[in-house]
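The next block holds one structure in the form of structure tokens; read it before the comments.
Small disclaimer: the values here were computed from a predicted structure and weren't measured. Proteins get letters first, then strands, A, B, ... in listed order; numbering begins at 1 in each.
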Amino acid sequence: MKVLFMGTPDIAAEALRALAESGECGLVGAVTQPDRPKGRGMKMIPPPVKLYAEKIGIPVFQPSTLKDGAFESELAKLSPDLIIVAAYGRILPKYVLEYPRYGCVCAHASLLPKYRGAAPINRAVMAGERLTGITAIYMDEGIDTGDMIMKIEVPIGENDCAGDVHDRLADAAGRAMVETVRMIKAGVVTRTKQPSEGATYAQKLTREDGELNFSDTAEDLHNRIRGLAPAPCAWTRTPDGKLLKIAEARVSDARSGSDCEAGTVKSLDGGSITVLCGGGSLLSITKVIPEGKGRMDAADYIRGRKIAAGDKLG
RNA sequence: CGCGGGGUAGAGCAGUUGGUAGCUCGUCGGGCUCAUAACCCGGAGGUCAGGAGGUUCAAGUCCCCUCCCCGCAA
């Protein structure tokens, strides 16, 4: 079976790898986003899927748009029987969806119909979910609204960050796609409509999503921090106005009876920065990224004397 | 050539108007204690990113060049 893969970031590259290594199908090509100027100095960075596709020697296509029909002739040449999509980052036009005999299937990183859209992993962790997963669906013209083929559940530990969950989901996405291909080949695929009830959208992350409001409870803050780690990370500001990203924290068992303002640093004991949060709850910050510096343990940050008890964050 | 921060002991930092380097932690040894991520005493550990570059009696500290790292923004 000729399969065309479409995807862009890490998690898509993992799915592609699983497919390639499974030997279940013939990969006729990988479609991914064009190289974009990224990072310091705005250097052109190729997407992970491109790197992997080149590594295993399958043709790479990076159309800047799928709408102008230029890709249509490419598609005809490749004549895939099935298109597999994973975080491609663009809506597929109708002609693409309708081209393959076996349709277009997609691995989405949530238990649909929850967390449709751009940032399902981050949003799920930020919301304090304890369970997420990969849902394999047939694509339709909506955003992650197609009929479901299968799900693989992935638990979220109470201290897991989005990166941890991402890695597990990447693995699950690969398994889901390989299994889906097998089922399609065997002709045993089932389609289940997504229930309309419980559908939510995982909006793309914005800078404001990362701002910590210490009047929230420590648990909410912890979820936000985990949901945005290891990147782009939640942030706050130190008394001198500098940006301080919070890469890792723990909810403290203790509570504070004091009536200091939320955001006040209560203690630096044990190498973590304990901050007063909403309702007297306490959050212990254990890893930070100071402005202009790299990630470091809170203990190191404290040693550099960048913060003192009584300072107010936020 | 997007904006900015930085390269000083294993780690995080300081180093004043230039005079051969300090702090906190860790580490090693010893002591105290019922006990300790506690405390006390002592030690090791740095060619201060590189350039047999410039200025100077003297440069971590000023000037020039190179390399590397990082934060922001995309």
Side-chain angles (χ1 to χ4, degrees), chain A residues 7-13 32-51 62-65 87-91 117-123 126 159 161-163 166 202-214 221 224-254 256 263 265-275 282-314:
Chain A
T8 302
D10 250 26
I11 191 165
T32 190
Q33 300 267 344
D35 293 4
R36 292 242 162 67
K38 273 184 178 254
R40 240 185 318 278
M42 301 300 271
K43 294 189 184 75
M44 294 296 272
I45 303 295
V49 163
K50 177 183 184 180
L51 294 176
Q62 297 180 284
S64 54
T65 177
Y88 173 57
R90 216 163 256 170
I91 301 206
I121 306 174
N122 298 289
R123 296 290 178 189
M126 286 166 76
N159 287 318
C161 70
H166 167 280
Q203 295 296 133
K204 193 172 143 187
L205 298 174
T206 65
R207 183 175 170 69
E208 296 80 70
D209 284 316
E211 180 164 14
L212 295 173
N213 178 351
F214 288 100
L221 291 164
R224 185 173 296 274
I225 290 162
R226 292 188 299 130
L228 295 169
C233 281
W235 55 273
T236 184
R237 290 197 180 277
T238 49
D240 58 7
K242 287 197 175 158
L243 188 73
L244 183 67
K245 288 195 166 191
I246 310 302
E248 185 186 276
R250 287 291 129 94
V251 175
S252 170
D253 297 328
S256 171
V265 176
K266 299 298 290 182
S267 108
L268 300 174
D269 296 342
S272 65
I273 304 164
T274 301
V275 184
L282 295 168
L283 185 73
S284 288
I285 296 167
T286 52
K287 284 195 172 123
V288 299
I289 304 174
E291 186 175 321
K293 307 291 286 185
R295 178 171 311 239
M296 64 177 75
D297 288 342
D300 287 334
Y301 185 70
I302 293 164
R303 263 180 222 113
R305 294 168 185 169
K306 292 299 179 67
I307 194 161
D311 283 352
K312 178 158 180 317
L313 300 177

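- In this structure, the nucleotide among C13(B), A74(B), A73(B) sitting nearest to the side chain of Lys38(A) is A74(B).
- Between Asp209(A) and Lys204(A), the shortest heavy-atom distance links the atoms OD2-O, 3.9 Å.
- For Met42(A), the listed nucleotide lying nearest its side chain is A73(B); candidates were C23(B), G12(B), A73(B).
- Between Arg295(A) atom CZ and G6(B) atom C1' the separation is 18 Å, expressed in whole Å.
- Residue Ile302(A) is out of contact with every strand shown, counting any heavy-atom pair closer than 4.0 Å.
- The base of G2(B) lies outside donor-acceptor range of the side chain of Arg40(A), with no N or O pair under 3.5 Å.
- Here G42(B) sits opposite C28(B) as a Watson-Crick or G-U wobble pair (both hydrogen-bonding atom distances under 3.5 Å).
- The separation of C13(B) from G29(B), taken at their C1' atoms, amounts to 27 Å, rounded to a whole angstrom.
- Taking a pair to require two hydrogen-bonding distances under 3.5 Å in either a Watson-Crick or a G-U wobble arrangement, G18(B) remains unpaired.
- Comparing the same atom, C1', in G71(B) and in G15(B) gives a spacing of 24 Å after rounding to whole Å.
- Mapping Pro37(A) and Gly304(A) onto RNA chain B via the closest heavy atom, the residue that lands nearer the 5' end is Gly304(A).
- Put simply, NZ on Lys293(A) and NZ on Lys306(A) are 6.5 Å apart, with the number rounded to the nearest 0.5 Å.
- Across all strands shown, Lys293(A) has heavy atoms under 4.0 Å from sugar-phosphate atoms exclusively, and none from any base.
- Put simply, CE on Met44(A) is 13 Å from P on G2(B), counting in whole angstrom units.
- Nearest-nucleotide mapping onto RNA chain B: of Arg305(A) and Gly294(A), the residue sitting toward the 5' end is Arg305(A).
- Between the CG atom of Leu244(A) and the C1' atom of G71(B) there is a distance of 12 Å, given to the nearest Å.
- Pairing of C67(B), defined by two Watson-Crick or G-U wobble distances under 3.5 Å, is identified with G7(B).
- What you find for Leu243(A) and Arg207(A) is that their closest heavy atoms are CD1-NH2, 3.9 Å.
- Among the protein residues, Gly271(A) comes within range of no part of the nucleic acid, since none of its heavy atoms lies under 4.0 Å from any strand.
- Rounded to an integer number of Å, the gap from Asp35(A) CG to A74(B) C1' is 15 Å.
- Between Ile289(A) atom CD1 and G71(B) atom C1' the separation is 9 Å, expressed in whole Å.
- Listed candidates were A73(B), A11(B), C13(B). Nearest to the side chain of Arg207(A) is A73(B).
- Lys38(A) approaches Ile45(A) most closely through the heavy-atom pair CB-CG1, 3.5 Å.
- When heavy atoms are screened at a 4.0 angstrom cut-off, Gly270(A) is found touching no nucleic acid atom at all.
- Spacing between atom CG of Leu268(A) and atom P of A37(B) amounts to 20 Å, rounded to whole angstrom units.
- The gap from the P atom of U56(B) to that of U16(B) amounts to 22 Å, rounded to the nearest Å.
- Nearest heavy-atom pair across Gln33(A) and Arg90(A) is OE1-NH2, 3.0 Å.
- Only the C1' atoms considered, G60(B) is 14 Å distant from G50(B), to the nearest whole Å.
- The two atoms that bring Tyr88(A) and Thr8(A) nearest to each other are O-OG1, 2.8 Å, heavy atoms only.
- For U61(B) and A52(B), the P atoms lie 16 Å apart once the distance is rounded to whole Å.
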Give the C-alpha distance, both sets of side-chain angles, the deciding distance and a yes or no for side chain to side chain contact (heavy atoms under 4.5 Å, CB included) between Leu283(A) and Ile225(A).
CA-CA 11 Å; Leu283(A) 185 73; Ile225(A) 290 162; 3.7 Å; yes

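- Atom pair Asp300(A):CG and A37(B):P shows a separation of 19 Å (rounding to whole Å applied).
- With a cut-off of 3.5 Å on both pairing distances, the Watson-Crick or G-U wobble partner of G2(B) is C72(B).
- Rounded to whole Å, the separation between the C1' atoms of G51(B) and A59(B) comes to 15 Å.
- Closest to the side chain of Glu291(A), out of G71(B), C25(B), C13(B), is G71(B).
- Taking atom C1' on both nucleotides, A49(B) is separated from C70(B) by 15 Å, rounded to a whole Å.
- With both pairing distances under 3.5 Å, U36(B) is matched to nothing as a Watson-Crick or G-U wobble pair.
- As rounded to the nearest Å, G19(B) and C25(B) have C1' atoms that lie 30 Å from one another.
- Rounded to whole angstrom, the span from the NZ atom of Lys287(A) across to the C1' atom of G12(B) amounts to 15 Å.
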